[in-house]
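Please read the structure below before turning to the comments.
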Amino acid sequence: SDKTGTLTTNEMCVVKLAMPVAAGSSMKSWNVEGHNYTPVGRVSGLSINWTQSLALQFLAKIGCMCNESRLLIDDEEKFIRNGEPTEAAIRVLVEKLGCPDEAVNQRCLQKEKRSKDDAMAFSNYWMKGMQKRAVLEFSRDRKSMSVLWHDSSSGSNVLFAKGAPEMLVKRCTKIMMPDGSVEDLTDQWRAQIENELDQMAQSALRTMGMAVKSSDLGDLQSYDGSHDHQGHHILAEPSNFIEVEQEMTFVGMVGILDPPRPECKPAIEACRVAGISVIMITGDNKTTAEAISQKLGILAPAGSHSENSFTGQEFEALSDDRKVEVLRKIMERRDVEGAVFSRTEPKHKQLIVKILKSLDEIAAMTGDGVNDAPALKQADIGIAMGIAGTEVAKEASDMVLADDNFTSIVAAVEEGRSIYNNMKAFIRYMISSNVGEVAAIFLTAALGVPEGLTPVQLLWVNLVTDGPPATALGFNPPDLDVMSKAPRRKDDPLISVWSYVRYFVVGAYVGCAVVGIFMYWYIFDVAEDAHSLVSLEQLLTWGSCQDWQGFRVNNVGGISFSSDPCAYFTDGKAKASTLSLTVLVVIEMLNAFNALSEDGSLIQMPPWANPYLIVAATISIGSHFVILYIPALATIFGVVPLTMHDWMLVMAFSFPVILIDEILKFIGRSTAKSINLKDKHA
């Protein structure tokens with residue numbers, strides 16, 4: 001994942017300022033107050049005397065002129081940025097420092113409210129008499145950008161530069177003292193700068209160095225911006241920019257805070273539990289990246305990170321086998337910590353994605369820039385930023401984050417897993433129900449008992465009573481452990497062997513219950529209707545009833561069997577058939593509740609967790625009541641009303657399906673837990 005804006009708020013603010021304070025080798029840093037783009041907040045402990053603080057003047061000029069951002073005031077009189085957050089944060093610092101003009105200071109310095117024309121009052125002050133000649137755009141290889149300005153007071157051009165301090169200082173040969181004088185940039189000075197840089201980085205600050213070059217610009221010293229000037233050919237080729245940015249004078253550096261999103265740390269922990277490895281990719285230096293990743297919980301707060309924290313160049317320098325081994329180890333430790341790649345370029349993203357895919361991992365990559373498009377396209381799931389992302393990145397991606405927030409990715413993973421589980425719940429419900437109906441028909445034929453279900457009754461069950469619960473299962477809430485299960489592999493079957501076993505065990509019980517209650521009514525049920533009981537042998541051989549001697553039965557349901565007692569197994573089966581149909585309907589409603597969770601008990605996820613399912617089951621049972629107790633419909637479907645005794649019998653045959661599925665769920669949970677333990681110890 002990209003860091004800026006996804007794992008962090010992307011609302012940057014300069015909180016540290018570091019500059020030389022005396023000749024020799026002494027650097028000092030100051031805390032800068034404030035936390036947003038409103039230019040209110042002092043530099044603690046810094047006393048500014050503009051007539052003597054010439055170095056601070058140069059820093060302010062660099063901050064506002066080597067800067068493409070703008071501060072604006074909206075209709076609500078709030079400061080907003082237009083441009084990159086990093087540059088906007090530096091411009092806010094310039095507006096906090098003030099200027100030598102007391103009138104401007106009186107009007108704007110440390111004022112929360114300004115007129116729209118004064119949004120950049122101090123930047124405008126420093127840019128008086130300055131004319132922009134050229135912009136040497138930022139590039140990832142030199143990690144800096146600079147702007148060439150013409151200073152009308154001196155009649156010459158000056159180059160203002162900013163960039164990664166560790167890269168910028170390599171191209172500096174001088175360092176500016178507070179009074180504007182310069183010294184050679186000795187090894188002692190470089191050590192001081194590096195020490196200050198490390199302290200900022202350890203505080204999870206993004207660092208930015210500033211430098212100036214006012215002489216030895218060659219043909220650019222008098223460049224006027226025209227195409228026919230001899231200096232134009234230098235700027236026409238970006239590869240020449242690094243040569244222009246040589247022998248500069250180091251002025252100072254700032255530490256910029258990009259606060260981690262508070263909601264990201266629990267989201268990253270959720271990823272770890274879910275078996276998802278989070279790899280942070282950033283342009284920050286290594287120390288800063290590690291400090292931020294530790295705050296976010298990507299890296300462990302203690303211990304060595306030599307195996308899971310690399311700069312882009314360090315990783316690129318590894319052999320191919322070593323690169324694969326590094327990423328394999330990171331994946332194996334996904335339940336412990338993630339990894340960080342700092343000072344990266346777009347090609348490094350592509351390389352990481354390529355290796356992860358070769359390890360048969362599902363790689364999701366986030367990005368926002370044009371240069372990120374190849375990696376977004378290459379990843380299994382390319383994720384572009386909806387707010388900060390370019391149109392090229394959005395076009396190359398598979399999904400777009402509307403809020404640029406990492407937690408939205410985690411929420412999408414949970415929702416995706418839930419949708420997948422709901423799809424399986426629908427399949428589980430439909431297959432086990434249909435297997436039950438088939439089993440009932442098969443058992444009826446195999447045992448030779450009278451048919452308990454007629455075609456119109458089966459059609460009623462499939463089209464009316466099954467439909468609402470099956471639809472409602474699509475609204476199941478996520479399983480309680482949905483984010484604690486390991487990700488499924490892309491080649492995993494939708495229906496596993498264990499799932500088939502469950503389908504057929506439940507289906508077999510449904511068939512047995514439907515046929516069983518039919519046979520129970522004939523053989524054992526002593527009810528108020530005083531129907532005659534028969535033996536099991538008689539029920540199984542009812543087809544030869546005509547050969548039985550002295551077979552007599554009582555009249556049932558207003559039907560007389562005195563002339564043809566064998567009709568008791570055909571015309572007299574209305575109550576038994578109704579019981580079979582009702583058991584099938586009730587079992588399927590209970591089976592729908594079983595389908596709320598694949599392995600979660602109904603105690604953990606009760607039926608009311610999905611109110612839509614309760615409504616659907618009520619509709620289905622209500623429909624069944626309609627055909628039972630409205631005489632005209634009862635005649636059509638060949639059913640009769642049921643008494644309280646009958647309903648108790650129905651529940652006795654139906655409820656065990658809950659117990660059976662609870663046992664199967666327990667076995668499934670236990671098996672999954674043992675497999676996970678084996679994987680962890682492997």
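This chain uses plain numbering: 1 for the first residue, then up along the sequence.
- Both the sub-6.0 Å distance and the 45° axial angle are not jointly satisfied by Arg428 relative to the ring of Tyr503.
- Within the 3.5 Å criterion, the main-chain N or O of Asn594 finds a donor-acceptor partner in the side chain of Lys665.
- Between Phe341 and Phe315, the ring planes are perpendicular. Angles over 60° get that label, and only those under 30° would be called parallel.
- A donor-acceptor pair under 3.5 Å is formed between the side chain of Glu337 and the backbone N or O of Ala300.
- For the side-chain hydrogen bond (donor to acceptor under 3.5 Å, both in side chains) criterion with His305, the lone passing option out of Glu290, Lys286, Gln294 is Gln294.
- Under a 3.5 Å cut-off, the side chain of Asn476 and the backbone N or O of Ala425 do not form any donor-acceptor pair.
- In this structure, Gln192 contributes its side chain and Ser26 its backbone to no donor-acceptor pair below 3.5 Å.
- Proximity of a side-chain donor or acceptor of Asn308 to a complementary backbone N or O of Ala339 within less than 3.5 Å is not detected.
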Side chain to side chain donor-acceptor pair (under 3.5 Å) between Arg502 and Ser499, worked out: CA-CA 5 Å; Arg502 286 182 58 178; Ser499 296; over 6 Å; no

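- In terms of modelled atom types and a separation under 3.5 Å, the side chain of Lys357 and the main chain of Gln378 share a donor-acceptor contact.
- Although no hydrogens or angles enter the test, the distance criterion places a donor-acceptor pair under 3.5 Å between the side chain of Ser601 and the main chain of Ile603.
- Contact annotation: the side chain of Ile495 approaches that of Ile431 to within less than 4.5 Å [non-hydrogen atoms, C-beta and beyond].
- A donor-acceptor pair under 3.5 Å links the side-chain atoms of Arg81 to the main chain of Gly83, judged by distance alone.
- Applying the side-chain hydrogen bond (donor to acceptor under 3.5 Å, both in side chains) test to every pair with at least one member in residues 385-397, sequence neighbours left out, gives no pairs at all.
- Closest approach of Val92 to Pro39, counting heavy atoms only: CG1-CA, 3.9 Å.
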